[in-house]
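In each ligand, atom 1 is the first atom listed, and ligand 1 is the first ligand listed. Since this is a predicted model, take the numbers as computed values, not measurements.
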Amino acid sequence: MEYFCLGCGKRFPADELYYTCPDCGGVFLLENLDFDKLKETSGEEWRKIFDDRAATKNTALRGIFRFYELMAPVLEEKDIVYLGEGNTPIIESSENLGRATRMATAYKNDGQNPSASFKDRGMACAFSYLRSLVRANDWDQILTVCASTGDTSAAAALYASYIGGPIKSVVILPHGKVTPAQLSQPLGSGATVLEVPGVFDDCMKVVEHLADNYRVALLNSKNSWRILGQESYAFEIAQWFDWNMENKNIFVPIGNAGNITAIMAGFLKLYELEIIDELPRMFGVQSHHADPVYRYYSVEDAQQRAYKPVIVTPSVAQAAMIGNPVSFPRVKHFAEKYEAIAGEDAFHVIQVTEQQIMDSMIQANRNGHIACTQGGESFAGAKRARELGLVASDELCILDSTAHHLKFVDFQSMYFENTFPAEFEVAPDQSLANKPELIISPDEKEKLSPEEYTRATADKVVAKLGLQGK
Ligand SMILES: *Cc1c(COP(=O)(O)O)cnc(C)c1O
Ligand SMILES: [Zn+2]
């Protein structure tokens, strides 16, 4: 395999750890030089190989490396780390939800990964690679560093602490800008947690300075090994639908744009190997508070488009609140390929409001789903795409809930308690507010014997619910 620089086009061998191009600072893609050899195996044979492998008990090939040949076939099985990542479920929208939206939607719950976000896919690949490097070079210590909106550090810290030994993890977070659950994860995994005042983009600059000047393994999504692992999301969707991508639309929130890059790259590989015979349509979704990719593509004439970072304002889709996405050149690269094969209609970037994101998350979860705020963003994007006439009502929209709902419950609390700071521009629908109710006061409890207390409490529950005796 080789690193291929999207900036200057130079190539570098993959047996060395590169974060960005040493010549021009551009981002890399990892390319399998033997990819064309894979074409000697037919699409049908590949489908059978991957379907058979779904039953394996070999842990190295159970997770994202079920698709080993499509990802990093240079890694040896003994280096592959498996913590149960990948193969996350695809859950059709509940009947009630489908009735409300009059759309066919399904959530792929990437929050059901070990550290509760899709970041585990990329980390499993990056750490497997690191482990191979440690072995090959006999390193006695390697420090992994990442800046994070929360989930990257949770994933990096988990994998680092599992492997242990020479691999140690340091994470750099924007002070006060990650949820308590996200902060507790790297702390619990024993990582060194350093906080910086500012937002994610500030942390990123610090980390890049470290990468330029010191010997550290940077695990941000500029790291092309992570992108490779995240391609598994696309492979799993294709396999789940028996490799039939007809009338399928994929909705993905865009932050640093690594995930949408990987998903497009993944589907393109499947298409090139004739494992699928049609590309699903791709929709990136951004909040109006952090929408540089949307702004770029909102200019119709491709010649007139100019990329400009934006200054972000607070977003409930906090993990995607990024004004200068590092993988933008990758998105451009794959979007062009995608459109060349499947037409201009095959790739869109949709903008949604903070209000729509919150309303959509609350609506999904009241109907049996476990969407995080970014999952709300995917859902809001699908509704918006329908409104714009970009998807038909009978086409399936597959929504990425990139993390578990539980990581982002603070935003749910703000919604229910109507405590959003004005900058969020979210006015909760108060009819949806759900709050716990204290049914009997501690003072009352004091005055009662244990039996009386049980009886009095039960009576209050009966009165409250209007229960009938049997
Ligand atoms: C990282 C992250 C995103 C953004 O993904 P990118 O690859 O940066 O575009 C979205 N949602 C969650 C939960 C994340 O952790
Ligand atoms: Zn370069």
Give every pair made of an N or O atom of ligand 1 and a protein N or O atom lying under 3.5 Å apart, one pair per line with both atom names and the distance to 0.1 Å, or write 'none'.
| residue | atom | partner | partner atom | Å |
| --- | --- | --- | --- | --- |
| ligand 1 | 7 (O) | Gly258 | N | 3.1 |
| ligand 1 | 7 (O) | Asn259 | N | 2.7 |
| ligand 1 | 8 (O) | Asn256 | N | 2.7 |
| ligand 1 | 9 (O) | Gly255 | N | 2.8 |
| ligand 1 | 9 (O) | Asn256 | N | 3.2 |
| ligand 1 | 9 (O) | Ala257 | N | 2.8 |
| ligand 1 | 11 (N) | Thr402 | OG1 | 2.7 |
| ligand 1 | 15 (O) | Lys119 | NZ | 2.6 |
| ligand 1 | 15 (O) | Asp151 | OD2 | 2.6 |

Quiz item: ring-ring contact (aromatic ring centres under 6.0 Å, His included) with Phe347: which residues, sequence neighbours excluded?
Solution: Tyr297

Quiz item: In the shown structure, where waters are left out, how many protein N, O or S atoms lie under 2.8 Å from the Zn ion (ligand 2)?
Solution: 4

Quiz prompt | Inter-residue atom distance Phe67.CZ - Leu228.CG, 0.5 Å rounding | solution = 13.5 Å

Self-check item: Gln356-Asp359 side chain donor-acceptor pair, cut-off 3.5 Å
Solution: no

Quiz item: Of all residues at least two apart in sequence or in a different chain, which pass the salt bridge (charged side-chain N to carboxylate O under 4.0 Å, His left out) check with Arg366?
Solution: none

Practice problem: Answer yes if the side chains of Thr20 and Lys222 hold a donor-acceptor pair under 3.5 Å, and no otherwise. | Solution: no

Quiz item: Below 6.0 angstrom between ring centroids: does that apply to Tyr307 and Phe328?
Solution: yes

Self-check item: Check: Ile64 main-chain N/O paired with Arg121 side-chain donor or acceptor under 3.5 Å
Solution: no

Self-check item: Nearest-0.5 Å distance that lies between atom CD in Glu85 and atom OH in Tyr159
Solution: 3.5 Å

Quiz item: Does the side chain of Asp410 come under 3.5 Å of the side chain of Thr179 through a donor N or O and an acceptor N or O?
Solution: no

